[in-house]
Amino acid sequence: MFPILFMFVSSLKPDQQIFGDLSSIAAFLPIGNISMDNYAAVFDRVPAARFLINSIGISVITVAAGILVNSLAAFALSRMNMRGKTVILTLIIATLIVPFETLALPLVWWVNQLPSFEMDGFSLSFTKGWIDTYQVQIIPFVANAFSIYLFHQYFESIPKELDEAARMDGAGWFRIYRQVVMPLSGPAIATVAILTFLPAWNSYLWPLMVVQTEELRPVMVGVQYFFQLNVSWGEVMAYASLITLPVVALFIAFQRSFVNSIASSGVKG
């Protein structure tokens, strides 16, 4: 907590006071020349509002699509009777050992081969490549092996007798998923939401590789703006505080569900 506290406190101080307070406990206390000038300077130096809107949109869509896709995959592997589902789950989990950095360059090539749709008035045109778009920052990260595994483990703790009762009432698999399993999976949904939101919000390398237009950039890419000319550490801390607050608020809102899901997914009985 001390680095986070130092970041928030330093965002309220001018650079001279930040360095002057480093040798004492004053570095962690909002005392001295306190103001919101650094926050105002952030919006003058970079299009911070645009970056925040982009990251919020990208993260929310990735979370919503990820919950749907990963829960459907986990439901099929957990509840439906089909051959080879253990092998499929093992292969999905095995992808966790592959670092993203090794996949980044091949992934850039693949997304550059995909078709893109553009509307010009009432005419629809097709172009090749997703580079420098919003979807290139969303679609590759919707499916997630750990989210599938987490949903799978949670679904396994839900009695399958509920499925059988629903089947006797004429419910199909999708209705069982929608009306029986998912309403009982609130903690798992909250946990997947947090674990999907964090990498989407903190994404830096991927947008740096595939996004050139400033209007499409997320918040993390904006950090490099502050190290180009005349570095102001007060402004750096203010910008870092702005992009940290949504993550802290999300965790506080879902803290209980997050802890309950982690506990229940690892305990059987």
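Just so we're clear, the structure is a prediction, and the values are computed from it rather than from any experiment. FYI, the numbering just counts along the sequence from 1.
Applying the ring-ring contact (aromatic ring centres under 6.0 Å, His included) definition to pairs two or more places apart or across chains, those involving residues 50-70 are F51-Y225. Listed by first and then second residue, the ring-ring contact (aromatic ring centres under 6.0 Å, His included) pairs that reach into residues 178-198 are F197-W201, sequence neighbours excluded. Among residues at least two apart or in separate chains, side chain to side chain donor-acceptor pair (under 3.5 Å) pairs with a member in residues 72-81 are S78-E156, R79-D163.
Applying the side chain to side chain donor-acceptor pair (under 3.5 Å) rule to S203 yields no partners; only residues at least two apart in sequence or on another chain are considered. When the side chain to side chain donor-acceptor pair (under 3.5 Å) test is applied to T196, no partner is found at least two apart in sequence or on another chain. Remark: E235 pairs with R45 by the side chain to side chain donor-acceptor pair (under 3.5 Å) rule, at least two apart or across chains. A search for salt bridge (charged side-chain N to carboxylate O under 4.0 Å, His left out) contacts involving R217 returns nothing, not counting sequence neighbours. For S185, there are no side chain to side chain donor-acceptor pair (under 3.5 Å) partners at least two apart in sequence or on another chain.
When atom types are taken as modelled, the side chain of S147 and the backbone of N70 share no donor-acceptor pair closer than 3.5 angstrom.
Ring centroids of F151 and F155 are separated by less than 6.0 Å, placing the two rings close together.
Atom CD1 of I243 and atom CG of L52 lie 8.5 Å apart (nearest 0.5 Å). Note: L150 CG to I189 CD1 = 11.0 Å, rounded to the nearest 0.5 Å. Of the inter-residue distances, the one linking L208 atom CG with Q224 atom CD reads 5.5 Å to the nearest 0.5 angstrom.
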Got a list of side-chain donor-acceptor pairs under 3.5 Å for residues 23-35, not counting sequence neighbours?
from : atom 1 : to  : atom 2 : distance (Å)
S24  : OG     : A26 : N      : 3.3
S35  : OG     : D37 : N      : 3.4
S35  : OG     : D37 : OD2    : 3.3

Identify each donor-acceptor pair in which a side-chain atom of residues 168-183 lies under 3.5 Å from a protein atom, sequence neighbours left out, and give them as a table.
from : atom 1 : to   : atom 2 : distance (Å)
R175 : NE     : Q179 : OE1    : 3.0
Y177 : OH     : S71  : OG     : 2.6

Name every donor-acceptor pair, under 3.5 Å, that has one atom in a side chain of residues 86-98 and the other anywhere in the protein, sequence neighbours excluded.
from : atom 1 : to  : atom 2 : distance (Å)
T90  : OG1    : T86 : O      : 2.8
T95  : OG1    : I92 : O      : 2.5

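For the ring-ring contact (aromatic ring centres under 6.0 Å, His included) with W233, the qualifying choice from F226, F227, Y239 is F227, the only one to do so.
Hydrophobic side-chain contacts under 4.5 Å tie V108 into a cluster, directly or through other members, with I58, I61, V69, F100, L105, L107, V111, L114, W130, I131, Y134, V136, I138, I139, F141, V142, L205, W206, M209, V210, V211, L216.
No donor-acceptor contact under 3.5 angstrom links the side chains of N38 and S11, judged on distance only.
Shortest non-hydrogen contact noted between F43 and Y39 is CD1-O, 3.1 Å.
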